[in-house]
Engineer: 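Sharing a structure with you now.
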Amino acid sequence: MLVLMKATRSGAATDRLQALYRSSLALLTDLYQLTMAQGYWKTGIGQREAVFSLFFRHNPFEGGYTLAAGLESVIDYLNGFRFTSDDLEYLAEVPGNDGKPLFSPDFLEALAQVGFGCDLDAVPEGTVVFAHEPMVRVRGPLLECQLLETPLLTLLNFPTLIATKATRVCRAAQGMPVLEFGLRRAQGIDGGLTASRAAYLGGCAGTSNVLAGKMYGIPIKGTHAHSWVMSFPDERAAFQAYAEAMPNNCVFLVDTYDSVQGVRRAVEVGEWLRRQGHEMIGVRLDSGDLAKLSIEARKILDESGFAEASIVASNNLDEYVITSLIDQNAAIDVWGVGTRLATAYQQPALGGVYKLSAIRDDGGRWQPKIKLSEQAIKVNNPGIPQVRRFFRDGAMVADMIFDEEHGIEDPPTLIDLLDVTAVTTLPADAVHQDLLTPVFRQGRQVYTPPPLEESRRFARSQLDSLDPGVKRFLNPAFYSVGLERGLDELKRRLIVEARHTQGR
């Protein structure tokens, strides 16, 4: 059962996962991570140094880019990573297929000593990323790296998905405020909190989620529902009662009975509020033809002396509906987006994966690793990956995945991931930045995530430096991402070798 133990309004990571849940989250994993860990331990290779990369294969929503989110929770999780006596007692009772204990007592004793002692590099929250680029790279003992697969994917996949969706919705709104209203439709408590934070990172102006407001410092917004109006003899009386109870928070929901008449009644109460020294904030439309009704509402408000009152719209909005309404000259000032944002309505999962890309041999040499597939897109990139982003006049122009162990050959040459005939040579002196940032070294945190507001501004600057064509909702332009020439040659050689030696 989820228990709220403490919370914070600070933007920095402060053990929020442990605050929301019990003290240990080490069992937030799939069983096969633990069975592999026991296998590594029994065969004596659990301490062999390995490198894993976390990435995704397709940008979500058929879009041209993705916005990374969730690193703050990853840091929180790793700082508290340990197996408690209660965890180990549970694992000791898990039966194997023969009814005997699945895990040996000696392994569980060893597991009690396991904490997080790896190196971890990641792209900061709010970074624009693309398919196949590592968002996180973990380097350390094979056993420890393996145990992190499921929790890292859990903590990064969903917020990245929602943050990306939020950028699209906010782009559609063309600078008008977007409010995240999705808590009641979210996938549980954690889904609601994660969605609220990720949506704010992605550009939303506020949330209806009060707990998210408390925990993350996000502005909270909301007034009343249809049930308020229905609780009174008539709509006019309901608006008047709300104005008397909450004179500084009056956005009247006008579509309970008749939207146009509702706007007129809101104006009447707005005039009363003004005489009391307060001002009506606006009206909200939650059903019907939002374009037509908002135009009529704007006319009534303006002619009645409420030109500053906002018109808020909700009702199954997303980037496509908002774009359509703006194209119809809808007079909407604020957009309340719920279900289709907080649940990533069109795409339920990002599809992130976590793959072994290198391991040290008995002689201490790095051995790059590759996984084959009949689908080219599922063949992973080997080595110790880093991503170098190139810029021209402050704008992103290309991303190169290279092996940090071998560096980049001159001149920097980019080979397309799926089309080896697509080759791009970049100027040797081109402005560039490596995206993966050190976060942990041997389990010690060396990076402090910035406050959420700062990450939000960073995300906006990232999007501003991305070509508008890449941000299109339909048929987005292609952003150049590829392998460094030497890494591409290594990958192709490993594919041939693996097919020859393993495919027999």
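Just so it is clear, the structure is predicted and the values come from calculations on it, not from any experiment.
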Engineer: What distance do Ile281 atom CD1 and Glu308 atom CD have between them, rounded to the nearest 0.5 Å?
Structural biologist: 13.0 Å
Engineer: What class does the angle between the rings of His224 and Phe252 fall in, given that below 30° is parallel, 30 to 60° is tilted and above 60° is perpendicular?
Structural biologist: tilted
Engineer: Evaluate the ring planes of Tyr77 and Phe81, with Trp represented by its six-membered ring, and classify them as parallel (under 30°), tilted (30 to 60°) or perpendicular (over 60°).
Structural biologist: tilted
Engineer: Here's one to test your reading of the geometry: is the NZ or CZ of Arg265 within 45 degrees of the ring axis of Phe239 and under 6.0 Å from its centre?
Structural biologist: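 No, Arg265 does not lie over the aromatic ring of Phe239.
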Engineer: Output, in order, the C-alpha distance, side-chain angles, deciding distance and verdict of side chain to side chain donor-acceptor pair (under 3.5 Å) for Asp399 and Tyr479.
Structural biologist: CA-CA 8 Å; Asp399 285 6; Tyr479 180 86; 2.8 Å; yes
Engineer: Judged by modelled atom types alone, do Asp76 and Ser73 share a side-chain donor-acceptor pair under 3.5 Å?
Structural biologist: no
Engineer: With ring centroids as reference points, do Phe116 and Phe440 lie under 6.0 angstrom apart?
Structural biologist: yes
Engineer: I'd like to know if the side chain of Gln445 pairs up with that of Asn79 as donor and acceptor (distance under 3.5 Å, no hydrogens or angles considered).
Structural biologist: yes
Engineer: Applying side chain to side chain donor-acceptor pair (under 3.5 Å) to Arg284 and Thr223, what does each step give before you reach the verdict?
Structural biologist: CA-CA 10 Å; Arg284 178 161 73 98; Thr223 55; 5.2 Å; no
Engineer: Does Phe52 have Lys355 sitting over its ring (NZ/CZ under 6.0 Å from centre, angle to axis within 45°)?
Structural biologist: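 Cation-pi check for Lys355 and Phe52: fails.
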Engineer: Taking side chain to side chain contact (heavy atoms under 4.5 Å, CB included) as the criterion, tell me which of Val123, Thr127, Asp434 meets it with Arg389.
Structural biologist: Thr127
Engineer: Report the C-alpha distance between Glu180 and Ser196 in whole Å, list the side-chain angles of each, state the deciding distance to 0.1 Å, and finish with yes or no for side chain to side chain donor-acceptor pair (under 3.5 Å).
Structural biologist: CA-CA 7 Å; Glu180 182 270 311; Ser196 295; 2.7 Å; yes
Engineer: For the residue pair Arg274 and Phe306, would you count it as a cation-pi contact if the rule is NZ or CZ under 6.0 angstrom from the ring centre and within 45 degrees of the ring axis?
Structural biologist: yes
Engineer: Which is it for Tyr242 and Asn249 under the side chain to side chain donor-acceptor pair (under 3.5 Å) test, yes or no, and what are the steps along the way?
Structural biologist: CA-CA 9 Å; Tyr242 191 83; Asn249 193 50; 3.2 Å; yes
